[in-house]
Amino acid sequence: MRPFVYERATSPEDAVRAARGKVTANLPPVQAPGQFIAGGTNMTDYMKLDVMRPEILVDVNGIDRNRYGRIEEFDGGIRFGHLVRMAEAEEHPAVKAKYPVIAQSLQLAASQQIRNMATLGGNVLQRTRCDYFREATWACNKREPGSGCSAMDGINRRHALLGTSDQCIASYPGDFAQALIALDALVETQGPKGNRKIRFADLHVEPGNTPNVETVLEPGELITFITVPSGAWTRRSMYLKIRDRQSYEFAVTSTAVALDLDGDTVRDVRIALGGVATRPWRSREAEDALKGKPLTPETASAAADAAFAGAKPRKYNAFKIPLGKETVIRALLETKNMEA
Amino acid sequence: MNVAVPPPKENMGQPVARLEARSKVTGEARYSADFPLNNLAHGVLVTSAIAAGSIKSLDLEAARAVPGVIEIFTQENVKGLKDPKFGQGNSSSVQPFNGPKIWHDEQMLALVVANTHEAAEDAAYRLRASYDETKPSATFDSPGSQTLDAVGNTESHKEDPKLGDVEAALATAPVKIDVKYSTPTQHHNPIELFSTTASWQDDKLTIYEPSQFVYGYKNGVAEQLGVDPANVRVVSPLIGGAFGSKGPMTPRTAVVAYAARALNRPIRCVVSRMQGFTTATYRAETRHHIRMGATPDGRIVAYSHEGWEVTSRPDNYVVGGTETTSLVYAYGAVGTRVQIVKADRNTPGYMRSPPETPYMYALESAMDEMAAALKMDPVEFRRVNDTQKEPIKGRPYTSRSLMTCYDQAAEAFGWKKRNPAVGSMRDGDWLIGMGCSTAIYPTNIGPAAVRVRLSPKGEVRIETAAHEIGTGIRTVAGQMAAEPLGLDMKMVTVETGDTDFPPAPVAGGSNSTASVCSAVLVASNRIRDRLFRAAVTSNDGPLAGRNPGDLGMKGGMIVAADGASVKLADLFGQMGSGVIEEYVEHTPEGMPPESMAKLYSGQSSFKRGSQGDKIRFAFGAEFVEVRIHSRTREIRIPRIVGAFAGGRIMNPRTARSQLMGGMIWGIGAGLLEATEIDPRAARYVNRDLAEYMVAVNADVNQLEVILVPEEDHEVNEAGVKGVGELGNVGTPAAIQAAVFHATGKRIRDLPIRLDDLLNV
Ligand SMILES: Cc1cc2nc3c(=O)[nH]c(=O)nc-3n(C[C@H](O)[C@H](O)[C@H](O)COP(=O)(O)OP(=O)(O)OC[C@H]3O[C@@H](n4cnc5c(N)ncnc54)[C@H](O)[C@@H]3O)c2cc1C
Ligand code: SF4
C-alpha cells in the first residue's frame, strides 16, 4: 500500500468536496486521485495489490447514518441509503418478504464477515476480479489503457461473454446489481455538479475502447440512495447463483428473475445475468421471448437461447453458454413454482 | 464423550484435549512472527515479473526515497552466501541473491528493509526491475520442457518397481482398460503465512520461523552464512499449518539472517499470501497412464503405471508414487515408469501425502474403471485383490486391515442401498452417485531424541525439537509418558520446536508420532525402571525386596498388586534425587547407527514403510456420495465416510481431527483446488484464497471418521502408524467414481468441475 491522505467526511457535501480536491485532469472516477471508502472490503483489497493508488481517501462512514444508513419503504417501492450494510439489507423483513431476489443476491454473496462491513453503495461499484487486473505486473487495458489485455488469450474461465470488446472481457462480479437492474432500480447521486438520478441500468457501461471507464459517474460523485420500485413481479422473484463451491465464491453464472404470472402465462418478466457479462446485464431478449406466453420448459429454453444469442466465448469460458442457459431455465421454472 | 471426542476402542489411548488448545482459541498462543523483539526492522520481498531470463538492472532510486527505508538488499550487495544444497533440508539449490538469473515466476529479487512494514511495502512497489527475458516453458507439453527418467536422475526414486512381463500379461488379459489421468498444481496455503525473523547477539543468531524441521534450518542457514551451527538457534514452538510447505528451508531464511547481521538489527520478513505461491514449494502437476488387465473373475493380472511430474530447471524433484501403488494389490505382473519434466518453474516440494495423493488417485480411479468393466462391485473387486503380502517381493505387511476398513465404512455408509446402474439414483432434480476408494500411507520412522524429566511431585516435562504443526504431537508425546508413569495429563508439560532441545526428525511422512513416541516410551520406561529398582532395593521401604516386574505406577505412587505402595516424593527422598531425567536417543531397528549423528547435523532420514523384510502401511477406505444438479451440474457432497486402521491410536480425538481434515482437503482436491498457470508466461494467476479454492464449511456436510482397532507389535516400539497423511489419499478417487456413477461421465483430470459435466 502507498501512503495516502485520509479524510473522514461527515456529510455528502463534505465527501464530494474532499474527493474532488485534487482533480487536475479529466480522469475516469476509478483513476481519480480522490476516492471514497465505505466498507473498504473492495478498496483496501485493491490498494494492497497496488491496483488502486488513491492520494486522498475519503471515508464516508461518518455521514449521518440516520439518513444514509436506512432502509425505507414507501408507497411504490423501497429506498436504501448507500451506507446500509449488505447484512442489514438481506435481513430486512420487507426486503425478504417483498423483494426476495434482493435478499438472496446479498445473502449468497461473499461471506458473513464481509457482508457485515460492506455497504450497498460500495457493493455496486466493486471492481472486477480479473486475475490479470489484480496483479499489477500484467498488461491490462483497464488498469493501464493501451497496454493490452492479458486475459483475452489467457486463463479466462471467469471472464465475460456478453458486452465484451476486443479491449477487455472482464466480468462484472457482483450479485446485488443483477437484482437491481432486473427491478429497474434508480440511483441518486450527489456530485460536484449537484444532485442527479440515474437509472441503474445506465450506471455501468460496457468496456468498448475505454475499459478504464466503468460507470457514468464523475470523479467525486457520491451515490447517496438506491431506490427500487415495487411491482407485480417483485414478490415472485429469486436469485439463482451457480458456483463451484457452496459458499464464498463469486458466481460462475447467475440469474435474477422476477415474474408476474397470469395463471401460467407470463404477464411480465425480468431477467438479469451474472458472471457472464462485463456489466450488470438485463436480457430484454429473453424477457421478450417469454412475455405473453405460457411458462414451460420449452419457452424457458427459448428465452435462455435468446439471452445468449450474442455471446462471444473465449478459450476457457465457452461452457458458460450452456451453463448460463440452464441457469436461466432453472431459475424461471423455480420462480414459477414460488408461492407469491 | 461425543462425536468429536470419541471414546477409545481397543488399543486406543484417551481422547485428551490438546495441551495447547486453550492458548490457541484464546489467542494467547505465540507463533513465530509473534515474538516481540526490541528495535525490530521489517523486510518485504520484491519478486520477479518474469519466469525465465535474467535481471538487467534494478532501479532502486524511488524505493530508497521512501521515508523509513533503511537498506535494500539485492544481488549487488548480498555477498558470500553459499548456494543451498538441494535435498530434504533445502527446497532448492538456487540462492537467487547470488546472481542475475531468473529461474521461475516471482523469484526473489530484493529484500527491502524499513522501520515499518508499511514503508517497506511502499518502497517494494516502487522498485523497478528490467529484464533480459527468454521464452519460458510452463509445464507439460510446453516447447523447451525436458523429459527425463526419474531413475538415474533423482535422489529419491531409485528404481521403477516391476514384476514379471507386464506387456505379455496385458496382451493376453481377457479384460483390459487403458486410461489417462492428471492432477493439477496445488499450493499448501497454510493460514499462518511464511515468515522469518532473525536476530543476532554478537555472533549468535536466533531465527524465529515456522518450520517442520528446526535442526535442518539451523544447519542449513549456518552453511549458507558460513557460520558455526553451534551459534544458530531456530525457534518454532507452534506452527499454524504447514502440510509440507515448511519442511525444506527456502532461500529467504539465509537472506533475512544476512541482512540482520549487515544492519546489526533484528529483521522480520512476513511473506504476503501472493508471494507465498512462489517463494515456498508446491505440489507439481502430474500425469498418469494406466493400463490394467484382469481375469473375468476380477484378478488383476497386469498393472502398468507410467507417471510424469513437473519439476524445475535446477532441481530434479520427484515424488514417484509407484513405490507405494505397486504394493497395494495382488497383481500378477507390474510395470512402472516415472519421468520428470523440467520446466521454468520453482522447485516443487512435499505436500500432504506427496507420492500417494496423485498416484493413488490414478490407481484407485483405474480400480473403479476396471470394476465397471468387469461389472463387479468396486468393494468386492478390491477384496478379490486384497493381500497380506506385497506382490513384488512377497514381503508380508506387519498388519493390513484394508477389508475391515471397507466393511465398516460400507456398513456405516449404507453401500448396500446403492443401485450399481449408472445414473439410476436420483432425488428430485439431483442426480446421486456413490463411489469408494482405498487409502494407504506408509509408516515411516526416523531417529529421534527426547529429554524426559520427572519431579518428586509427579510433574513430567518433555523436551524435544519435534514440530507441533497442529497435529497434536505435544499431546500424544505427553500421553506416551503419562501412561507408563501413571500420571494425569495435567502433570505433563511438553516443549517442542527449538534447537535447544534434543533433535527430532522433519515433521513429514507422518513419522512424528511413531518416531517421537517411541523415544518417549523408552525414556519413560527407563525412568520407571530406575524408580522400581530404587523401591525394591531400599532397605526398609514398603516395596523392599519385591520383584520390579510386579510393580506399577499410579497417581504419583509406585504400587504393587497387593496394594502396597510408596509415594514418589518419599522414594525421591530415599534416592537423594531432586529430579530424574532421561535423555534418550532412539534409532529405529534396521537404520544405520550414524543416522542419529546425522540428525544433529540437520539430516533427517527415515526407515520407510516399504523398506525391510516386513512392510509397514496404514490403510483406510473412503465412501462418498455426490449430488449433481440435473441442469446446472454443480457438484455437492452430502456425505462422506472413512474408516481407517493405524495401529495403536494414541488419541482418538486428535487422530479423528487429522483424518477428518484430510478428507475435507480431499473434497477440495477432488472438486476445487488448482493453481492456474498462464502457459504463455509460466506464471500463476490465481494467487489468493478467493481464487485458489479450498472446501469451505458449507461444502462439508455429514462426515464420519471410523477408527478401526488394530494391534501391531512389529511396526515399531510404540505400535503406532502415522495417520496424518492418510485421510486425503482416497477422497478424490472416490469422488471421481461417484461422479461417474451419477452421470456416466469419467472425468479423469482433477479438479472435477461442472464445466466437464454439462450437456450430459
Ligand atoms: C473474498 C471476497 C469475496 C466476495 N464475494 C462476493 C460475491 O460473491 N458477490 C458479490 O456481489 N460480492 C462479493 N464480494 C465483494 C463485496 O461484496 C464488495 O467488496 C463490497 O460489497 C464492497 O462494499 P464496501 O462498502 O466494502 O466498498 P468499498 O471497498 O469501501 O468501496 C468499493 C468502491 O466503491 C466506491 N464507493 C463506496 N461507496 C461509494 C458511494 N457511496 N458512492 C460512490 N462510490 C462509492 C469506492 O470508492 C470503491 O471504489 C467479495 C469480496 C471479497 C473480498
Ligand atoms: S479482461 Fe479487462 S481487466 Fe482483465 S486483463 Fe483484459 S483488460 Fe484487464
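What you see below is based on every heavy atom in this structure, not just the backbone, and it leaves out hydrogens, waters and symmetry mates. The shown structure was predicted, so the numbers you read here are calculated from the model rather than taken from an experiment.
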**Report entry** Taking every non-hydrogen atom, the tightest pair across A:Arg129 and B:Ala690
**Finding:** NH2-CB, 3.1 Å

Query raised in the report: Is there a side-chain hydrogen bond (donor to acceptor under 3.5 Å, both in side chains) between B:Arg683 and A:Thr137 once you walk through the steps?
Result: CA-CA 11 Å; B:Arg683 299 186 65 189; A:Thr137 54; 3.0 Å; yes

Query raised in the report: salt bridge (charged side-chain N to carboxylate O under 4.0 Å, His left out): which pairs involve residues 240-257 of chain A, sequence neighbours left out?
Result: A:Arg157-A:Asp244, A:Arg158-A:Asp244, A:Arg158-A:Glu249, A:Asp175-A:Lys241

Query raised in the report: Should the heavy atoms of other residues, nucleotides or ligands under 6.0 Å from NZ of A:Lys336 be counted, would the total exceed 12?
Result: yes

Query - Spacing of B:Thr632 atom OG1 and A:Arg330 atom CZ [to the nearest 0.5 Å] - result: 3.5 Å

Query raised in the report: Any side-chain heavy atom of B:Arg126 within less than 4.5 Å of one from A:Arg2?
Result: yes

Query - The single option from B:Leu758, B:Leu757, B:Asp755 passing side-chain contact (heavy atoms from CB on, under 4.5 Å) against A:Leu323 - result: B:Leu758

Query - From B:Asn686 atom CG to A:Arg134 atom CZ, the distance as rounded to the nearest 0.5 Å - result: 10.5 Å

Query raised in the report: Is it true that atom CD of A:Gln112 has more than 12 heavy atoms of other residues, nucleotides or ligands lying nearer than 6.0 Å?
Result: yes

**Report entry** Residue among A:Leu240, A:Asn317, A:Thr253, A:Leu49 with most heavy-atom pairs under 4.5 Å to chain B
**Finding:** A:Leu49

Query raised in the report: What part of A:Lys48 gets closer than 4.5 Å to chain B, counting heavy atoms only: side chain, backbone, both or neither?
Result: backbone

Query raised in the report: Heavy-atom distance under 4.5 Å to chain B: side chain of A:Ile321, backbone, both or neither?
Result: neither

Report task. Give the C-alpha distance, both sets of side-chain angles, the deciding distance and a yes or no for side-chain hydrogen bond (donor to acceptor under 3.5 Å, both in side chains) between B:Asp678 and A:Tyr132. Result -> CA-CA 10 Å; B:Asp678 189 303; A:Tyr132 300 97; 2.6 Å; yes

Report summary line: Highest number of heavy-atom pairs under 4.5 Å with chain A among B:Val696, B:Leu671, B:Val66, B:Ile50 belongs to B:Val696

Query raised in the report: Looking at side-chain heavy atoms only, is the closest gap between A:Ser150 and B:Arg680 below 4.5 Å?
Result: yes

